[in-house]
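What follows is a short report on a single structure.
The structure displayed is predicted, hence computed values, not measured ones. No hydrogens, no waters, no symmetry mates; every other heavy atom, side chains included, goes into these values. Whatever order the structure lists them in is the order used to number ligands and atoms, beginning at 1.
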Amino acid sequence: MSKVKIESKLPNLPTTIFTTMTQLANKHNAINLGQGFPDFEMDPVLIDLVTKAMKNGKNQYAHTYGFPGLRNVLAQKIETLYGRKVDAETEITITPGGTYAISNALTAVLREGDEVIYFEPCFDSYVPNIKVMGAKPIPIPLNFPDYSIPWDKVKAALNSNTRMIVINSPNNPTGSLLSNYDLEQLVEITSGTQILIMSDEVYEHLIFDGNKHLSILGHPELFERSFMAFSLGKVCHCTGWKIGYSVAPPYLMKEFRNHHQFNVFSVNTPMQVAMAEYLSNPQTYLQLAGLFQSKRDFFSKQIEGSFLSPLPSKGSYFQCFTFDDEVKCNSKEFAIDLVEKIGVATIPVSSFYQDETDCRVLRICFAKKDATLKEAAERIMNFRN
Ligand code: PMP
């Protein structure tokens, strides 16, 4: 068979670390604390609501902006939590997941030659999303070990091609949060410019130790130049449903929707109908912070005194750990070693940097059943290098 010649738009992409670690974990029948998804069951009430929606004939295309009932409930949630009245008609679009809410926004506004500042370590979809538009990713490494933003370096990277800054709080993989100071810096840098902001807030409800999520939704000035991405898979423990939403001011949302209508048109109907009813009870999302904080603490306590030392996790599904100096290999090799020797899969944080900067840190997902965390902790405690 003769192949047609194509020039890859994303050449030289390495196999993602998630694929590598998951394959390895499966091969060794390991406990997978690598990938970010819950291994516990979601609320059966929500499953019943989907069944009810299907039986009630909610099986055809939804509105292209999303089922109005769901958009209204989300607008209500936003007003209660962040004090902003968003217009469900012009400012919210339901998407097939948070990943798409990011990629579709970048598709809508980036052009060849644009520069996009983002912070490393970071979620793996940003860079390909930027590159595929012919734009240039400009990485700024976060300060180690507190993963704060070095604003002097951001300022030094700005130029007339800077079109966007991507932020992510609570952060994957670091568990860090943006502070009021960070938002002030963002205002200082962007006001009076043509710089847009992409704010990835998929872990908005997973905030620990009494901290507050500083959403762009609560910041009128930054809101005017921002796209925000959210994930209902994270809210309802159903990452496999791939459902989320985008929020942006009307002039940006109009552009977003121009692409959305041809990229996917609409998101599956029964799940939107079910989530509208489910999320009308605020307890569904208000109890998440407590649930995940107790999982974080449970796991940390179980592995106290082991070769892993925790870095603070203020939010998200994740906690990072540094490891003993006695371990002579790099973090990727060590993560592989841990799967092979004790059957626990983690993710080396070096994989979240384009140049694989290695601060000897592993990321662990604690969004797991207590039994899973306990078993993994026992294996870690028994590890001998
Ligand atoms: N952003 C971040 C930081 C994430 O961790 C994830 C999921 N791992 C997403 C976006 C994507 O969310 P979704 O699964 O809804 O596409």
Query raised in the report: Please, which pairs that meet side chain to side chain donor-acceptor pair (under 3.5 Å) have at least one residue in residues 29-48, sequence neighbours excluded?
Result: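 Passing the test, one end in residues 29-48: Thr22-Gln35, Asp39-Thr372, Asp43-Tyr278.
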
**Report entry** Protein residues that have a heavy atom under 4.0 Å from any atom of ligand 1, sorted by chain and number
**Finding:**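 Residues Gly97, Gly98, Thr99, Phe123, Asn168, Asn172, Asp200, Val202, Tyr203, Ser231, Lys234, Lys242 each place a heavy atom under 4.0 Å from ligand 1, listed by chain and number.
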
Requested in this report: Could you point out which residue of Tyr203, Tyr285, Tyr82, Tyr245 forms a ring pair (Phe, Tyr, Trp, His ring centres under 6.0 Å) with Phe230?
Outcome: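 Exactly one option meets the ring pair (Phe, Tyr, Trp, His ring centres under 6.0 Å) with Phe230, and it is Tyr245.
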
Query raised in the report: How are the rings of Phe40 and Phe292 set relative to one another: parallel (under 30°), tilted (30 to 60°) or perpendicular (over 60°)?
Result: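 Rings of Phe40 and Phe292: tilted, 30 to 60°.
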
Query raised in the report: Between Asp182 and Ser179, does any side-chain donor sit less than 3.5 Å from a side-chain acceptor?
Result: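 Ser179 and Asp182 do have a side-chain donor-acceptor pair below 3.5 Å.
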
Query raised in the report: Is the closest side-chain donor-acceptor distance between Tyr100 and His260 under 3.5 Å?
Result: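 Yes.
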
Query raised in the report: After noting the C-alpha distance and the side-chain angles of Met228 and Phe223, does the key distance pass the side chain to side chain contact (heavy atoms under 4.5 Å, CB included) rule?
Result: CA-CA 9 Å; Met228 288 135 274; Phe223 180 86; 3.5 Å; yes

